[in-house]
Structure formats: C-alpha cells, structure tokens
Amino acid sequence: MRLIMTLMMMLVLACYAQDKELKPAAVEDWLGGMDSLTLSDAVFTVKGSRALISKNILPVVPQKKYWIGGYFRLAEGCESTQFYLGLVPMDEERRRISPENVVPLPDSESELSRPYNARETVLWIKANEKWQPDRVHVVAFGTDMPNFSISPGNIVKVESAGAEYKVTLSKPSPLSYPAATRVRIHKLGAHYIYVIPRPAGATNEWRPFNAIMEAGDSAQFGDRKFPAATRNARIVILANYGLKDAAMEFKDVTLKELP
C-alpha cells in the first residue's frame, strides 16, 4: 500500500512539473521547419530561415514570472547567422494574442455612424482626428481586451465628411456590425514576445541566451512583458532569421515558471 501511495505521489509530482516547464526534446516537438530540423545527441540543427514553434503549451499564471532560454551556436561550416528567441502568448482558449489584439492607439475611441456590411472596404465613423491612414493601423470592433474582432486590412484612407469620417481599409472585414458599434484603432507589431527586440548573433561556441518575462498590463506587448490576458504560451525560435543559406544549432531550450 505504501508503495502504491509513493508511486501515485511521484506521478502527481511529475504532472505538476510538466505544468511548470516546457522543454522540447524531439524534432516532433517543434511545429514548422520539419524538413530542415535534425537532432543528434540532444542538439538540434536547423538549416535555412525557419520559424520553429513548440508543439506543446505551457499554462501561464499571470502572477508568476517565467524564465526562457537555451544555448545557441553556429553549425559547422556556417560563418554567421542571427535568430530570435521568444514566447507566443495565448489566451485561456489558446487563441494567439498579437499586438493588434491588445495595443490600442490612445484616444482613438469612436463608433460606427452607419452599419458596416461584411466584405466592404469602407466604413463610416463619428469624427475623431486620431484616425489617420497608416500601414500599422487596423480597426478593432467592440471594446473587448484582448479584441479578436480586428479588421484584416489596415487603414489606407480617412476622409472627413462633416461629423463623420469615411474610412477605407486595404481589405474588408468578414463580419457585419450595426451602427453605434464601438470602434478604435489598434496597432500591428511584432508577433511574439522576444528576449531582445532585435536578432541575436551566434558564435562557434555555445552561448547562453535567456531572460525573465512576466505579465504587463492589458495593453502590454513586448519589453519582456506579455499581455495580462495571457494564460498559455509556446516557445518560438526564428532561426537563421532572413538567411536562407545559414545554419545554427541549439540545445536545452526551455520555458519554465519561476517559484
């Protein structure tokens, strides 16, 4: 009986540990780049520019801090490369959170002055001078945060028409919205939360690369802070970023909850 209880306790502790740490250990543990990723003696080698995202997911507790890191070096025969290491924030339903879901343009709140019909590129809003065309400006419909009702196209033109603005999008929204729906501008940006906001280099020697990340406010995205609504996360490596002929190696890449 005591042996059974001990085994059960070990199983519980193992499950608990799995919920606290994410450490891909096989090629199959990564999504993307399967044709260019190999594993030998616990060392991954990736050739060409690839986005590698962990298949498994780590539950995130907003009040906790998280350590993410690993070891990186050039593959044999490669003279230079660069990479990003970061995490993919997701909400409770495991929907990926991107900047456009959580980063509003300050004071850009308005509302639809006319109904918006799906698949149209023009919408009408109550005038707000903050609304300007920009390649990083998209429309958020409603007041949710994170907001997943985002226009797939950016704002390409804003025309004043008295108390209204005529707003033209590069691509139409797939859904319709009634007049008086609250709208605001959200901003596009980098898709992931990176250890540093620029590509890191690698050398011929193993180099540790890591950081501690934590939750920010509801509109935080970047600077090692993930949105407050984050409840799950994956690891992401942008290997050999923008370099199709480069190759690099990495090992012991881990995302874990800190005590």
Side-chain angles (χ1 to χ4, degrees), residues 57 59-64 66 86-194 197 213-234:
I57 295 170
V60 170
V61 179
Q63 296 79 16
K64 294 288 188 176
Y66 291 83
L87 63 80
V88 184
M90 296 181 289
D91 71 355
E92 192 169 11
E93 299 176 35
R94 296 188 173 184
R95 295 176 295 183
R96 194 180 85 182
I97 302 174
S98 296
E100 61 266 30
N101 303 124
V102 296
V103 182
L105 181 70
D107 303 319
S108 65
E109 292 80 5
S110 184
E111 64 180 60
L112 295 178
S113 56
R114 308 181 191 185
Y116 171 77
N117 297 316
R119 295 179 294 279
E120 290 186 354
T121 56
V122 171
L123 58 90
W124 292 82
I125 68 167
K126 291 186 177 180
N128 182 330
E129 63 182 11
K130 291 292 184 177
W131 284 63
Q132 300 293 333
D134 196 299
R135 63 185 181 85
V136 299
H137 286 178
V138 293
V139 179
F141 296 91
T143 59
D144 291 343
M145 186 69 85
N147 192 317
F148 293 96
S149 298
I150 302 295
S151 65
N154 65 295
I155 299 173
V156 295
K157 183 186 295 186
V158 177
E159 301 171 88
S160 178
E164 294 180 293
Y165 277 2
K166 179 183 178 182
V167 180
T168 303
L169 304 172
S170 61
K171 296 178 183 178
S173 175
L175 300 176
S176 297
Y177 297 93
T181 296
R182 301 296 297 174
V183 292
R184 64 185 172 216
I185 292 176
H186 278 207
K187 300 172 70 174
L188 299 170
H191 292 302
Y192 311 115
I193 311 293
Y194 298 120
M213 298 189 179
E214 61 184 326
D217 60 30
S218 61
Q220 186 81 45
F221 198 101
D223 294 329
R224 300 182 179 180
K225 293 183 181 293
F226 47 82
T230 303
R231 295 295 180 272
N232 297 280
R234 285 186 163 111

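For Ala233, the side-chain contact (heavy atoms from CB on, under 4.5 Å) test picks out Val60, Leu87, Leu255, with sequence neighbours left out. Taking Gln63 as the reference, Val61 meet the side-chain contact (heavy atoms from CB on, under 4.5 Å) condition, with sequence neighbours excluded. Under the side-chain hydrogen bond (donor to acceptor under 3.5 Å, both in side chains) criterion, Lys225 pairs with Glu214, not counting sequence neighbours. Scored by the ring-ring contact (aromatic ring centres under 6.0 Å, His included) test, Tyr66 finds no partners at all (sequence neighbours excluded). Taking the ring-ring contact (aromatic ring centres under 6.0 Å, His included) definition, one finds that Tyr194 meets it with Tyr84, sequence neighbours left out.
A donor-acceptor contact closer than 3.5 angstrom is absent between the side chains of Ser176 and Asn117. No hydrogens or angles considered: nothing links the side chains of Arg135 and His137 as a donor-acceptor pair under 3.5 Å.
Between the Arg95 side chain and the Glu92 main chain, no donor and acceptor come within less than 3.5 Å of each other. Under the 3.5 Å distance criterion, the side-chain polar atoms of Tyr177 are left unmatched by any main-chain donor or acceptor of Ala118. Checking side-chain atoms of Ser151 against main-chain N and O of Val138 turns up no donor-acceptor pair under 3.5 Å. The backbone N or O of Gly142 sits less than 3.5 Å from a side-chain atom of Asn147, completing a donor-acceptor pair.
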Only pairs under 3.5 Å count here: list side-chain donor-acceptor contacts from residues 155-169, not counting sequence neighbours, and write none if there are none.
{"from": "Glu164", "atom 1": "OE1", "to": "Arg114", "atom 2": "NH2", "distance (Å)": "3.0"}
{"from": "Glu164", "atom 1": "OE2", "to": "Ser113", "atom 2": "OG", "distance (Å)": "2.7"}
{"from": "Glu164", "atom 1": "OE2", "to": "Arg114", "atom 2": "NE", "distance (Å)": "3.1"}

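Note that the CZ atom of Phe221 and the OG1 atom of Thr230 stand 8.0 Å from one another [nearest 0.5 Å]. Taking CG of Asp144 as the reference point, atom OG of Ser218 lies at 12.0 Å (rounded to 0.5 Å). Within the model, atoms CD1 of Ile125 and CD of Glu109 stand 11.0 Å from one another, a figure rounded to the nearest 0.5 Å. Atom CD1 of Ile97 is separated from atom CE of Met145 by 10.5 Å, given to the nearest 0.5 angstrom. Note: Ser108 OG to Lys187 NZ = 10.0 Å, rounded to the nearest 0.5 Å. Between the NZ atom in Lys130 and the CD1 atom in Ile185 there is a gap of 9.5 Å [rounded to 0.5 Å].
Two residues are said to be in side-chain contact when any heavy atoms from C-beta on lie closer than 4.5 Å; Val183 and Leu112 meet this criterion. For the pair Met90 and Ile57, the minimum side-chain heavy-atom distance is below 4.5 Å. In this structure, the side chains of Asn154 and Asp134 stay at 4.5 Å or more apart for every pair of heavy atoms. With a 4.5 Å cut-off on side-chain heavy atoms, Pro227 and Gln220 do not count as touching. Trp131 has its side chain out of reach of Leu105: every pair of non-hydrogen atoms, C-beta onward, lies at least 4.5 Å apart. Contact of the Pro89 side chain with the Ile193 side chain is registered, since non-hydrogen atoms from C-beta on lie closer than 4.5 Å. The shortest side-chain heavy-atom distance between Lys171 and Thr121 does not fall under the 4.5 Å cut-off. By the 4.5 Å heavy-atom criterion applied to side chains, His186 and Pro104 are counted as neighbours.
Stacking of Arg182 on the aromatic ring of Phe141 is not recorded, the 6.0 Å distance cut-off and the 45° axial limit not both being met.
Taking every heavy atom of both residues into account, Asn128 and Ser110 meet most closely at CB-CB, 4.5 Å. Considering every non-hydrogen atom in both Pro62 and Ala215, the closest pair reads O-CB, 3.5 Å. Minimum interatomic distance between Glu111 and Ala180 (heavy atoms only, all atoms of both residues): OE2-CA, 3.7 Å.
Other residues, nucleotides and ligands contribute only 12 or fewer heavy atoms inside 6.0 Å of the CG atom of Asp223.
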